[in-house]
Amino acid sequence: MTTISITRPDDWHVHLRDGDALTTTVKDISRYFGRAIVMPNLVPPVTNASLAKEYHQRIMAQSPQAHFTPLMVIYLTDSTTVEDIKAAKASGIVYAAKLYPAGATTNSSSGVTKIDNIYPVLEAMQNIGMPLLIHGEVTTHDIDIFDREHIFIETILAPLVAKFPDLKIVLEHITTKQAVDFVKSAGRNVAATITVHHLLYNRNDMLVGGIRPHYFCLPILKRNIHQQALIEAATSGNSKFFLGTDSAPHPQHAKESACGCAGAYTAFAAIELYAEVFDQENALDQLEAFASINGPTFYNLPVNTDKITLSKKSWSVPATMAFGHNNVVPVRASETIAWQVI
Ligand SMILES: NC(=O)N[C@@H](CC(=O)O)C(=O)O
Ligand SMILES: [Zn+2]
Ligand SMILES: [Zn+2]
């Protein structure tokens, strides 16, 4: 039986939700992850340091494992101020600010309507070294859903990087070859997270033989040439790419619906699924850099000092899992996962 030990990993993009859903999400994310960047797209969104502190307390009230620290994020709106950024930095619990183009994804209606509206805020973030996390998709109706990421890169991100050359930027949950190429060619201040579902699946998995709503997430799964580019980037050892699950649970009824929500639940077995991808690529020796080293290095945080061990031993994923007073259908429901954390 194959086993590997790696430095304790961190998740640089996760949705823990709120209320009784926290019972499930905090237990799952803290099982072996050391830290997690916690997305602020609650209803209402986490737009300032005091809301982030309250959310942090609700997470900690779930008694996560002692090795776990949630890293909070504030949600940028058209009315975020420079003072909000300074207060976030001073809070000691906020590590980044998130740009959701208004209407781009789940709970993004309070997002930024025009990037120029937040230039003073971005200037302040650049000065204090606070990373800007971006959901990188344009939102206008005329742009095809499969083109929304690469058109965002051309029309919004490239000019933004040129205007704020020292701003730390994480292009979140990248899904295209164009995103991989852009991040590779940009300066050291530009990095990207990659989800495990975008490494494991492409749009055929979602659409061939019937529509599978549990594979629907944003940015949407692309064709397999993009999947291959993501696999190559994640397993290459390039320090610009790191682990961000974008684990985004929704109740089963909200996914299996005439208008189903976007998001896939992976946090219950994230490193196990990433290990499958790296194993298939004969790149298990690169898993630690991607999962445990590149993220903290980009965020200027120390690398975790302890280790976790994975064993190549198949196990069965249940059809559903409890999610507050609802159920969630996880990725790989009723199928098997080849690795487990021991
Ligand atoms: N990724 C998703 O499909 N959904 C996320 C939002 C996001 O990260 O864009 C969610 O909050 O449900
Ligand atoms: Zn997003
Ligand atoms: Zn997300």
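Indexing begins at 1, ligand by ligand and atom by atom, following the structure's order. The structure displayed is predicted, hence computed values, not measured ones.
Of all N, O or S atoms in Asp246, the one lying closest to the Zn ion (ligand 3) is OD1. Nearest N/O/S atom of His135 relative to the Zn ion (ligand 2): this is ND1.
At least one heavy atom of His173 sits less than 4.0 Å from an atom of ligand 1. Every heavy atom of His197 sits 4.0 Å or more from the atoms of ligand 1.
Atom 3 (O) of ligand 1 has Leu218 N, 2.7 Å as its closest protein atom, hydrogens excluded (heavy atom only). Atom 1 (N) of ligand 1 has Asp246 OD2, 2.7 Å as its closest protein atom, hydrogens excluded (heavy atom only). Here the protein heavy atom with the shortest distance to atom 4 (N) of ligand 1 is Ala262 O, 3.2 Å.
No donor-acceptor contact under 3.5 angstrom links the side chains of Asn107 and Tyr75, judged on distance only. In the model, Ser236 has no side-chain atom that pairs as donor or acceptor with a side-chain atom of Asn238 under 3.5 Å. Looking only at atom types and distance, the side chain of Thr309 has a donor-acceptor partner in the side chain of Ser5 under 3.5 Å away. Counted by atom type alone, Asp10 and Asn304 present one or more donor-acceptor pairs between their side chains at under 3.5 Å.
Proximity annotation for atom 7 (C) of ligand 1: of Asn41, Thr105, Ile220, Thr105 comes nearest, heavy atoms only.
For Arg203 and Phe146, the positive end sits near the middle of the six-membered ring, less than 6.0 Å away and at most 45° from its axis. Tyr119 carries Lys163 over the face of its six-membered ring, with the cationic atom under 6.0 Å from the centre and within 45° of the normal. Cation-pi geometry between Lys168 and Phe298 is satisfied (NZ or CZ under 6.0 Å from the ring centre, within 45° of the ring normal).
In terms of modelled atom types and a separation under 3.5 Å, the side chain of Arg31 and the main chain of Phe268 share a donor-acceptor contact.
Proximity of His13 to ligand 1, defined as any heavy-atom pair under 4.0 Å, is confined to the side chain (atoms from C-beta onward). Contacts between His135 and ligand 1 below 4.0 angstrom, taking non-hydrogen atoms only, involve the side chain exclusively. Contact annotation: for Arg17 versus ligand 1, heavy atoms closer than 4.0 Å belong to the side chain alone.
Considering backbone and side-chain N/O of Gly263, one or more are found under 3.5 Å from N/O of ligand 1. For ligand 1, the polar-atom distance check against Ala248 finds no nitrogen or oxygen pair separated by under 3.5 Å.
The nearest N, O or S atom of Glu172 is not closer to the Zn ion (ligand 3) than 2.8 Å. In summary, His173 places an N/O/S atom under 2.8 Å from the Zn ion (ligand 2), meeting the contact criterion.
The 12-atom threshold is not exceeded at CD1 of Ile211, counting heavy atoms of other residues, nucleotides or ligands nearer than 6.0 Å. In the displayed structure, Lys313 atom NZ is contacted under 6.0 Å by at most 12 heavy atoms of other residues, nucleotides or ligands. Residue Lys255 places its NZ atom among more than 12 non-hydrogen atoms of other residues, nucleotides or ligands, all under 6.0 Å distant.
Residue contact check: Cys217 has heavy atoms under 4.0 Å from atoms 3 (O) of ligand 1. Near His250, with a cut-off below 4.0 Å to any heavy atom, the atoms of ligand 1 are 12 (O).
Between the NE2 atom of His15 and the NE2 atom of His13, the angle centred on the Zn ion (ligand 3) amounts to 110° when rounded to 10°.
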